[in-house]
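This report concerns only the one structure given below.
Order of the sequence lines fixes the chain letters, A, B, ..., with proteins taken first and strands second; residue numbering starts at 1 for each chain.
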Amino acid sequence: TRGVFEETFEAVKKSFAEMFQRLFDGGKTELVLVDPENMLESGIDVLVELPGKKRQNLLLLSGGERVLTAAALMFALMMVRPSPFCVLDEVDAPLDEANVERFADVIQEFAEKSQMIVITHNKSTMEKADIMYGVTMQEPGISKLVSVKLSAVAEMN
Amino acid sequence: TRGVFEETFEAVKKSFAEMFQRLFDGGKTELVLVDPENMLESGIDVLVELPGKKRQNLLLLSGGERVLTAAALMFALMMVRPSPFCVLDEVDAPLDEANVERFADVIQEFAEKSQMIVITHNKSTMEKADIMYGVTMQEPGISKLVSVKLSAVAEMN
Amino acid sequence: MILKKLEIQGFKSFADRTEVLFTPGVIAVVGPNGSGKSNISDAILWVLGEQNVRALRGQKAQDVIFAGSTKRKPVGMAEVSLTVDNSSGKLPINYSEVTVTRRAYRSGESEFLINKTPCRLRDIYELFMDTGVGREAYSIVSQGEMDALLSAKPEDRRALFDEAA
Amino acid sequence: MILKKLEIQGFKSFADRTEVLFTPGVIAVVGPNGSGKSNISDAILWVLGEQNVRALRGQKAQDVIFAGSTKRKPVGMAEVSLTVDNSSGKLPINYSEVTVTRRAYRSGESEFLINKTPCRLRDIYELFMDTGVGREAYSIVSQGEMDALLSAKPEDRRALFDEAA
Ligand SMILES: Nc1ncnc2c1ncn2[C@@H]1O[C@H](COP(=O)(O)OP(=O)(O)OP(=O)(O)O)[C@@H](O)[C@H]1O
Ligand SMILES: Nc1ncnc2c1ncn2[C@@H]1O[C@H](COP(=O)(O)OP(=O)(O)OP(=O)(O)O)[C@@H](O)[C@H]1O
Ligand SMILES: [Mg+2]
Ligand SMILES: [Mg+2]
């Protein structure tokens with residue numbers, strides 16, 4: 001219904017702005033209905049302004065900026081309609097050290113209410129783990145799960 | 001012409017097998033003409049067998065395995081028809097420590113004959129650099145280039 | 001709803017029975033390229049009813065069944081079970097603990113079970129339908145799929161908002 | 001053929017004139033997300049004649065011109081020059097050092113120069129045509145594009161072999 005959608009849309013708009021500013025340490029965002037007259041079917045445009053930069057087409061954003069912007073939108077949807085768990089497969093791969101740190105902080109925060117299953121190669125993300133599983137292939141072609149001691153992550157650094 | 005293509009095809013086949021085994025520390029490959037009767041137009045299929053694993057559709061390969069396989073094919077083409085320079089933008093992003101080490105070694109080897117311009121966030125790749133440029137945005141929205149002392153990389157580790 | 005455990009057997013590279021125990025908070029999964037991390041994510045998608053073989057990186061349904069290695073033969077069936085704590089009553093079913101199971105056979109046959117009782121695929125869908133869980137809700141983001149949230153057409157992105165509404 | 005230097009001005013985030021000096025061997029380019037690393041790769045593609053705006057992450061030709069920041073105004077022109085050592089004679093031109101220059105104006109006009117002499121875009125193409133350099137030969141691989149070499153249809157992959165033959 002129009003009323004429910006409008007409420008959700010406004011909530012996601014607000015959360016998206018908040019999440020974007022957390023992840024980028026600043027900046028502005030806009031979610032815009034492509035066709036405001038047709039709220040029940042209109043598509044949704046995403047416009048962002050990175051801190052200090054001018055608003056640009058999403059296409060011109062860097063690889064890391066795009067993934068972080070997408071993450072902000074995903075987290076915004078999670079805030080408006082929480083999911084009991086979330087699985088993120090190597091989402092942090094293109095992020096630099098400063099960005100992955102902020103991203104990992106947000107993951108940790110969401111983990112207070114939802115289980116966050118994070119597949120990663122990144123030490124900063126690993127540091128936020130409450131438990132960690134290592135997947136190994138000692139026998140070629142056969143996956144095996146092992147528990148990884150969290151103190152081992154500290155040693156890796 | 002058919003003769004030239006056939007020769008090139010055989011050479012790339014051989015180089016691809018060699019490069020794949022360097023990057024994966026083993027394994028087998030096949031390059032197959034989709035339509036052997038029509039050599040002048042036939043597409044080319046890529047089949048690989050990772051060490052200890054069974055041959056599988058490329059789709060089932062992991063993110064890192066796909067990128068490394070693609071790199072092996074690119075290096076094979078470079079061996080058969082060397083390019084004076086190569087630009088690789090964050091190709092090492094999905095690779096684990098062991099794979100990025102082997103990948104960086106191959107880059108270093110090609111660098112003896114071609115200039116290898118490598119955009120990266122990865123320390124192992126950076127360690128192979130003869131020179132390193134840092135791109136910064138001190139003034140928001142404005143890119144600036146600085147030379148990075150190579151000894152700084154050793155300190156990062 | 002809290003995840004308790006995931007049991008995987010004969011699914012992709014998990015030839016041997018594997019159990020993943022979940023705790024609250026952040027659960028990190030690490031390991032070398034090709035070790036099987038994304039296959040765990042695929043197992044979760046699959047047991048929740050994913051029917052799009054491409055979303056599981058396959059070309060046909062049987063691609064999820066362990067196909068063998070140089071030392072081991074292929075197996076005839078893949079099975080994944082997901083057990084959740086339902087004391088919050090979030091799942092529309094009268095059990096405080098719910099286990100959903102999916103099996104696929106080389107013959108092409110499938111089996112679906114909720115707490116060991118055979119059911120249809122759509123029963124599993126409907127069970128999780130209002131929880132916000134799944135690939136289309138973007139709570140399960142496969143490798144490389146994050147960027148797609150931005151490259152999606154405005155109309156496709158709309159579906160996410162409708163889902164959240 | 002050896003690259004000597006790349007000069008960038010007004011191209012994407014390189015508002016101020018920037019010079020990249022090349023040496024033999026491995027040249028690493030590092031920096032934070034969004035700092036401009038891929039823009040350097042785009043500058044190389046562009047000066048060598050890239051006409052596909054999507055390969056440069058744009059929607060129209062003028063997207064490569066510095067569009068301004070919160071503190072600076074946009075500029076009216078983007079210019080990139082690539083200087084190569086041609087003592088090996090690999091480039092079919094009678095100079096031991098060759099500089100190719102490309103300019104784009106907000107009006108939509110373009111200029112192309114070889115050693116400061118105006119020429120057409122196709123002259124730049126033909127100059128580098130047999131060197132194996134470029135995006136289609138896969139010697140310039142943009143961010144995220146490596147996987148495409150495998151997901152390409154067999155017929156598209158064929159083009160690479162024809163190029164190498
Ligand atoms: N049906 C199957 N039978 C046997 N092995 C399979 C099957 N399907 C996939 N695999 C294997 O699983 C491996 C891929 O696993 P996965 O994608 O989970 O790796 P990963 O740990 O996510 O690696 P990365 O870090 O590179 O993303 C591949 O080597 C593939 O051959
Ligand atoms: N015409 C333009 N005018 C001004 N800024 C631009 C223009 N085109 C692109 N940019 C900016 O350049 C930045 C992207 O730079 P680039 O893609 O080179 O980053 P990067 O260093 O490769 O980052 P990453 O590590 O995330 O890949 C974006 O913030 C974008 O806004
Ligand atoms: Mg993976
Ligand atoms: Mg980049």
Legend entry - chain C contact via A:V46 - side chain, backbone, both or neither, heavy atoms under 4.5 Å: both

Inset, instruction - Under 4.5 Å heavy-atom distance to chain C, tell me which part of A:A71 shows up: side chain, backbone, both or neither. - result: both

Legend entry - Heavy-atom check, side chain of C:N39 versus side chain of C:R57, under 4.5 Å: yes

Inset, instruction - Sort out for me which of A:D89, A:T8, A:L77, A:I107 touches chain C most, counting heavy-atom pairs under 4.5 Å. - result: A:D89

Legend entry - Contact origin within C:I44 toward chain A - heavy atom pairs under 4.5 Å: side chain

Inset, instruction - Name the region of A:E7, side chain, backbone, both or neither, that has any atom closer than 4.5 Å to a heavy atom of chain C. - result: neither

Inset, instruction - Heavy-atom pairs under 4.5 Å with chain C are the metric here; pick the option from A:G141, A:S147, A:P140, A:S143 that has the most. - result: A:S143

Inset, instruction - Please look at C:L45 and chain A and tell me whether the side chain, the backbone, both or neither of the residue comes under 4.5 angstrom of a heavy atom of that chain. - result: neither

Legend entry - Selection from C:G36, C:S13, C:S69 maximising heavy-atom pairs under 4.5 Å formed with chain A: C:S13

Inset, instruction - With a 4.5 Å cut-off on heavy-atom pairs, point out which of A:L58, A:V34, A:L59, A:V67 contacts chain C the most. - result: A:L58

Inset, instruction - Take the angle between the ring planes of A:F16 and A:F20 and call it parallel below 30°, perpendicular above 60°, tilted in between. - result: perpendicular

Legend entry - Inter- and intrachain pairs under salt bridge (Lys or Arg N to Asp or Glu O under 4.0 Å), touching residues 91-103 of chain C, at least two apart: C:K4-C:E97, C:E79-C:R103, C:R103-C:E111

Inset, instruction - Would you mind reporting whether A:P82 and A:K113 have side-chain heavy atoms less than 4.5 Å apart? - result: no

Inset, instruction - Check whether any side-chain heavy atom of C:K60 lies under 4.5 Å from a side-chain heavy atom of C:V53, and answer yes or no. - result: no

Legend entry - Minimum side-chain heavy-atom gap A:R102-A:L68 below 4.5 Å: no

Inset, instruction - Could you tell me how the ring of A:F110 sits relative to the ring of A:F75: parallel (under 30°), tilted (30 to 60°) or perpendicular (over 60°)? - result: parallel

Inset, instruction - Can you tell which part of A:S114 gets under 4.5 Å to a heavy atom of chain C, answering side chain, backbone, both or neither? - result: backbone

Inset, instruction - Examine whether an atom of A:L31 lies under 4.5 Å from a heavy atom of chain C, and if so say whether it belongs to the side chain, the backbone or both; otherwise answer neither. - result: side chain

Legend entry - Atom group of A:P94 that falls short of 4.5 Å from chain C, counting heavy atoms: neither

Legend entry - Pairs of heavy atoms under 4.5 Å with chain A: top-ranked of C:E155, C:E163, C:R72: C:R72

Inset, instruction - Side-chain contact test, heavy atoms from C-beta onward, threshold under 4.5 Å: evaluate it for C:L56 versus C:W46 and give yes or no. - result: yes

Legend entry - Contacting moiety of A:S83, where chain C heavy atoms sit under 4.5 Å: both

Inset, instruction - For chain C, find which of A:V80, A:L73, A:V146 contributes the most heavy-atom pairs closer than 4.5 angstrom. - result: A:L73

Legend entry - Structural part of A:I117 lying under 4.5 Å from a heavy atom of chain C: both

Legend entry - Atom group of A:E90 that falls short of 4.5 Å from chain C, counting heavy atoms: side chain

Legend entry - Top contributor to chain C interface from A:R81, A:H121, A:E112 [non-hydrogen pairs under 4.5 Å]: A:R81

Inset, instruction - Determine the option with the most heavy-atom pairs under 4.5 angstrom with chain A, choosing from C:S139, C:G31, C:G132. - result: C:S139

Inset, instruction - Heavy atoms only, distances under 4.5 angstrom: which of C:D156, C:T18, C:V133 has the most pairs with chain A? Name it, please. - result: C:V133

Legend entry - Closest heavy-atom pair and its distance - C:K12, C:F66: O-CD1, 3.1 Å

Legend entry - Heavy-atom proximity to chain A below 4.5 Å, by part of C:P24: backbone

Inset, instruction - Pick whichever of C:L150, C:T70, C:L149, C:T131 has the most heavy-atom pairs under 4.5 Å with chain A. - result: C:L150

Legend entry - Pick from C:L160, C:I140, C:V20 with the largest number of heavy-atom pairs that fall under 4.5 Å of chain A: C:I140

Inset, instruction - Kindly give the heavy-atom pair with the smallest separation between A:T29 and A:A17, and that separation in Å. - result: OG1-CA, 3.2 Å

Inset, instruction - Would you check if there is a donor-acceptor pair between the side chains of A:N122 and A:T120 at a distance under 3.5 Å? - result: no

Inset, instruction - Under 4.5 Å, counting heavy-atom pairs only, tell me which of A:M116, A:E41, A:K128 racks up the most with chain C. - result: A:M116

Legend entry - C:A67 versus C:R106, closest heavy-atom pair with distance: CA-NH2, 3.7 Å

Legend entry - Derivation of the side chain to side chain contact (heavy atoms under 4.5 Å, CB included) call for A:I131 and C:F22: CA-CA 8 Å; A:I131 60 166; C:F22 297 107; 5.9 Å; no

Inset, instruction - Tell me yes or no: between the side chains of A:T125 and A:D92, is some donor less than 3.5 Å from an acceptor? - result: yes

